[in-house]
Participant: 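Mind having a look at this structure? Questions to follow.
Quick caveat: nothing in here was measured; it's all calculated off a predicted structure. Values below: all heavy atoms of this structure, side chains included; hydrogens, waters and symmetry mates excluded. Numbered from 1 within each chain, the chains take letters A, B, ... in sequence-line order.
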Amino acid sequence: MVLKNLIPYYMISSITTKFDHALQTIRGNHNLRQLHDCSFQVQHARPTPPKPQIIIDRDPHIVQYTKSISTHMRNGHCHLALRLFNDMPYRNLFSWNLMLAGYVKNRRLADARNLFDLMPQRDVVSWNTMLSGYVRSGCVDEAKLVFYNMPHKDSISWNGLLAVYVQNGRLEEARWLFELKSDWKLISWNCLMGGYVKRKMLGDARHLFDRMPVRDVISWNTMISGYAQDGDLSQARTLFEESPVRDVFTWTSMVYGYAQNGMLDEARRVFDEMPAKREMTYNVMIAGYVQYKEMDMARELFEAMTCRNVGSWNIMISGYGQNGNIAQARKLFDMMPQRDCVSWATIIASYAQTGHLEEAMDMLVEMKRDGESLNRSTFCCALSTCADMTSLVLGQQVHGQVVKTGYDNGCLVGNALLEMYCKCGSICEAYNVFERIQQKDIISWNTMLAGYARHGFGRQALLMFDSMKISGFKPDEITMVGVLSACSHTGLTDRGTEYFYSMNKDYGITPNSKHYNCMIDLLGRAGRLGEAYNLMRNMPFEPDAATWGALLGASRIHGNTELGEKAAEMVFSMEPHNTGMYVLLSNLYAALGKWVDVGKLRLKMRQLGIQKIPGYSWVEVQNKIHTFTVGDCFHPEKDRIYAYIEELDLKLKREGHVSLVKLVLHDVEEEEKKQMLKYHSEKLAVAFGILTIPAGRPIRVMKNLRVCEDCHNAIKHISKLVGRLIILRDSHRFHYFSEGICSCGDYW
DNA sequence: GTAGGGTTAG
């Protein structure tokens, strides 16, 4: 819960074990063709003994075998189980079923299927086991196939099919199936109701709940927690009062509901009333305090706990981390009697979030030293940290580890890798990663698209958009932000406008504030400041700092002081310390030669305590800069600039730094060039040739002055030639980019 | 010693 605000939602989902668990199988890519291409093989080395006509189930020898097989399977040692299985003098149906169930439990669906196909005979348990394998892995089609081929179906089989629909959000089909027969077991009622609750279809859930012939504590809990999580505490409370049975989940759901919605006193009242509390309930209550920044209350309860579990510690650490008290977080972390991977992930995320990126990476190293193996969640966390540090070198190291564990073609880790490479400006690598992801999801596509857009590859971004649609993905809000920003950064004003106005009709997406901001940016860049301003005025919501920032950016490009000052004023009223905007305004003045105003602005900044702008000088950059965009391809000195850049690259390489400077040039089609020329007035320097410097290492190198004088001078020289550097900074959480400009030699 | 449901926290 606490981490939700820190890292992208798909990452937080991964932290819950359940998701991680599900993920292992869902991403395992078990389509039918691959089912047969698997490692499982029953050895036929020893001649098959004469098959006993009657299966002697109680044969003590066989029972011994099956017991051992079961133990091995429980411990995840499939190969040992298989060896025993192969060694058995003969195999009864029970042992086959046991092996099958073992494979299913260990997520080795392909092996399970192969075994299933080899079975000399199958009973309803075999079929149900196979079905459950597909159900757990979310393979709807395969599950259906198994279900329809089953000679005999019992309530478990029916429930399996229902579950596979429910779990994959295919509630219409589930509903249809449910109406087919009337003798559903309680478990299936609960299953369908749970599906409605998960989808926030509380009306449907309640309807079902009211129709239920029998209810058990699970039915009540599902409904209560549904209301509680939806914030409908009065309904939850009513049901809670009515419920004939309550268990720890019933109580905890109520505490959770109140705590989540900030009704901490109510939550505490229920909590105090609750008999026989468990750590879980304490943790929920503490997490509530943490979320509403009541760290003292959280601490008090934490101290009062007689038996804390790892989760309790983790919540407290995350709470301190989130509230900026990193020292306290670290102290608790060091005090912990036991740590799990989440503890590490939390402390690392806390460091990363508070800007202590180096410490974050150090902890990562320490974590490995401590023997904690990186799992998917921690890999994601690590990669996200690398991305925030824009440290390609570290990111590549983590990537190496990922490859070793074989997580790299999974979707979750794949997406994290993708994001890391995109943020570190290594767009080609990003594309390689993208291609390797076996089952791409919408996030993969969105990340790749946004990556292209961010780095000025507008055309590729739009191509991505098309292939994404061809692959059967429906663009979502985030996709459209990427598309609009791609148009904006490529000068495709008309196309962007078209997308904006038709996205509701075409994809059913109502433009949100981010889309509007993109549009304002798009129009502003094209010099259509009036239109941009009007659009802002007619937005269905109040303009925020980003909106005004886009206008300020446009005003800077087109030298419109009046609008620029107004926009800046608005930004500063909302975000007085938005350094990027100070730089923009300062550059607007500088471009118009208003040096007096520049001076005034700098004075004001100093008064505000903004001595140096982090991220805007070569020495101080460290964390903020993701990509330096130098000049445009029509720059008169373009060739010389590139020559210098290459020279610098060589020099740095000679000093032993790997791939420090990377030059990316676009292939621009003739027609597009014309469009660009038309779009950019001569004054503009908009991204076209992109110099991408993975900021982490080289910058740190320079900070430590380990770079030779030559290189330092070369860098200075480049920026002088270019005249100015456009720094693309992305506030990645919003997929929206604001630009700051640093004047030549202006290393504050 | 074989197959099916709800759940909190990080």
Side-chain angles (χ1 to χ4, degrees), chain A residues 1-4 6 12 15-18 57 62-71 73-74 92-102 104-105 123-133 135-136 154-164 166-167 184-195 197-198 216-226 228-229 247-257 259-260 278-288 290-291 309-319 321-322 339-347 349-350 377:
Chain A
M1 178 177 77
V2 176
L3 273 179
K4 257 177 203 163
L6 302 182
I12 187 68
I15 284 176
T16 66
T17 41
K18 187 159 183 178
D57 270 330
I62 293 300
V63 169
Q64 194 54 47
Y65 267 110
T66 50
K67 273 189 179 168
S68 309
I69 288 177
S70 170
T71 314
M73 278 304 194
R74 238 195 337 267
N92 58 17
L93 179 57
F94 193 91
S95 55
W96 280 94
N97 281 348
L98 199 62
M99 276 301 291
L100 187 64
V104 165
K105 271 194 192 130
D123 65 357
V124 67
V125 173
S126 332
W127 283 94
N128 280 344
T129 309
M130 197 61 241
L131 178 63
S132 87
V135 173
R136 287 192 205 184
D154 63 4
S155 70
I156 295 181
S157 332
W158 280 92
N159 190 64
L161 189 61
L162 184 73
V164 85
V166 166
Q167 281 165 22
W184 289 95
K185 297 273 187 206
L186 174 59
I187 205 169
S188 304
W189 285 86
N190 284 342
C191 173
L192 183 57
M193 188 170 67
V197 164
K198 269 207 193 96
D216 66 358
V217 67
I218 293 180
S219 329
W220 285 93
N221 287 350
T222 308
M223 209 56 238
I224 291 172
S225 74
Q229 281 177 30
D247 66 3
V248 63
F249 289 121
T250 331
W251 287 94
T252 310
S253 294
M254 285 309 295
V255 177
Y256 178 74
Q260 276 288 289
R278 284 221 214 131
E279 303 98 320
M280 172 171 92
T281 323
Y282 274 96
N283 291 353
V284 170
M285 193 64 232
I286 293 175
V290 161
Q291 196 181 5
N309 62 16
V310 195
S312 330
W313 290 88
N314 290 345
I315 298 166
M316 289 301 295
I317 292 170
S318 144
Q322 208 188 12
R339 299 182 188 119
D340 64 2
C341 60
V342 181
S343 323
W344 286 97
T346 310
I347 191 78
S350 301
S377 317

Participant: Would you kindly give the CZ-to-C1' distance between A:R278 and B:dA9, to the nearest whole Å?
Facilitator: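 Whole-Å distance recorded here is 13 Å.
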Participant: Under 4.0 Å between a side-chain N/O of A:Y256 and OP1 or OP2 of B:dA9, yes or no?
Facilitator: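 So the side-chain polar atoms of A:Y256 do come within 4.0 Å of the phosphate oxygens OP1 or OP2 of B:dA9, strictly under.
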Participant: Whole angstrom is fine here: how far is it from CE in A:M73 over to P in B:dA3?
Facilitator: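 After rounding, the reported distance stands at 12 Å.
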Participant: Between B:dA3 and A:R136, is there an OP1 or OP2 to side-chain N/O distance shorter than 4.0 Å?
Facilitator: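 Looking at the OP1 and OP2 atoms of B:dA3, neither is under 4.0 Å from any side-chain N or O of A:R136.
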Participant: What is the separation between atom CZ on A:R74 and atom P on B:dA3, rounded to the nearest whole Å?
Facilitator: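 Interatomic distance, CZ of A:R74 to P of B:dA3: 11 Å.
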Participant: Can a donor-acceptor pair under 3.5 Å be found between the side-chain atoms of A:D216 and the base atoms of B:dG5?
Facilitator: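 It does, because a donor-acceptor pair links the side chain of A:D216 to the base of B:dG5 below 3.5 Å.
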Participant: Considering non-hydrogen atoms only, spot the tightest contact between A:S132 and A:V104 and give its length.
Facilitator: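 Minimum heavy-atom separation between A:S132 and A:V104: OG-CG1, 3.9 Å.
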Participant: So which of A:D123, A:N128, A:N92 actually passes side chain to side chain donor-acceptor pair (under 3.5 Å) with A:N97?
Facilitator: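 Running side chain to side chain donor-acceptor pair (under 3.5 Å) over A:D123, A:N128, A:N92 with A:N97 returns exactly one hit, A:D123.
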Participant: Classify the nucleic acid contact of A:Q229 as base, sugar-phosphate or nothing, counting any heavy atom under 4.0 Å across all strands shown.
Facilitator: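 A:Q229: backbone/sugar contact only, no base atoms under 4.0 Å.
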Participant: Please determine, for the side chain of A:V125, which listed nucleotide (B:dG1, B:dG4, B:dT2) has the closest atom?
Facilitator: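 The answer is B:dT2, which lies nearest to the side chain.
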Participant: Classify the nucleic acid contact of A:S155 as base, sugar-phosphate or nothing, counting any heavy atom under 4.0 Å across all strands shown.
Facilitator: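 Counting heavy atoms under 4.0 Å across all strands, the contact made by A:S155 includes a base.
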Participant: For A:S68, which residues count as a side-chain contact (heavy atoms from CB on, under 4.5 Å) partner, sequence neighbours excluded?
Facilitator: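 Here the qualifying residues are A:Q64, A:L84.
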Participant: Please tell me which of the listed nucleotides, B:dG4, B:dA3, B:dG1, lies nearest to the side chain of A:D154?
Facilitator: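 That would be B:dA3.
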Participant: Are A:Q291 and A:Q322 close enough that a side-chain donor and a side-chain acceptor fall under 3.5 Å?
Facilitator: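 Short answer, no.
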Participant: Given B:dG4, B:dA9, B:dT2, which nucleotide is nearest the side-chain atoms of A:I156?
Facilitator: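 Side chain of A:I156 sits closest to B:dG4.
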Participant: Measure from CG on A:N309 to P on B:dA9 and round the result to the nearest Å.
Facilitator: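 In whole Å, B:dA9 P lies 13 Å from A:N309 CG.
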Participant: Can you figure out which of B:dG6, B:dT2, B:dG4 approaches the side chain of A:K198 most closely?
Facilitator: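 Side chain of A:K198 sits closest to B:dG6.
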Participant: Expressed as a whole number of angstroms, how long is the span from A:I317:CD1 to B:dA9:P?
Facilitator: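 The distance from CD1 of A:I317 to P of B:dA9 comes to 18 Å, rounded to the nearest Å.
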Participant: Could you state the atom-to-atom distance from NZ of A:K67 to P of B:dT2 in whole Å?
Facilitator: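 It works out to 11 Å between those atoms.
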Participant: Could you pull out all donor-acceptor pairs under 3.5 Å where a side-chain atom in residues 278-288 of chain A meets a protein atom, sequence neighbours excluded?
Facilitator:
unit_1	atom_1	unit_2	atom_2	d
A:T281	OG1	A:T252	OG1	3.2
A:N283	OD1	A:S312	OG	2.9
A:N283	ND2	A:N309	OD1	3.1

Participant: Under 4.0 Å between a side-chain N/O of A:K105 and OP1 or OP2 of B:dA3, yes or no?
Facilitator: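 A:K105 to B:dA3 OP1/OP2: side-chain N or O found under 4.0 Å.
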Participant: Of the nucleotides B:dG6, B:dG1, B:dA9, which has the atom closest to the A:I218 side chain?
Facilitator: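 Looking only at side-chain atoms, A:I218 lies closest to B:dG6.
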Participant: Checking contacts here: which listed nucleotide (B:dG4, B:dG1, B:dA3) is nearest the side-chain heavy atoms of A:T129?
Facilitator: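 The answer is B:dA3.
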Participant: Looking at OG of A:S126 and CG of A:L98, how far apart are the two atoms once the value is rounded to the nearest 0.5 Å?
Facilitator: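 Going from the OG atom of A:S126 to the CG atom of A:L98 covers 11.5 Å.
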Participant: How long is the line joining CG of A:N128 and P of B:dA3, in whole Å?
Facilitator: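 That distance rounds to 10 Å.
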Participant: Could you check how far CH2 of A:W158 sits from P of B:dG4, rounded to whole Å?
Facilitator: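 Taking CH2 of A:W158 and P of B:dG4, I get 19 Å after rounding.
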Participant: Between the side-chain atoms of A:D247 and the base atoms of B:dG6, is any donor-acceptor pair under 3.5 Å?
Facilitator: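 Such a pair is found, so the answer is yes.
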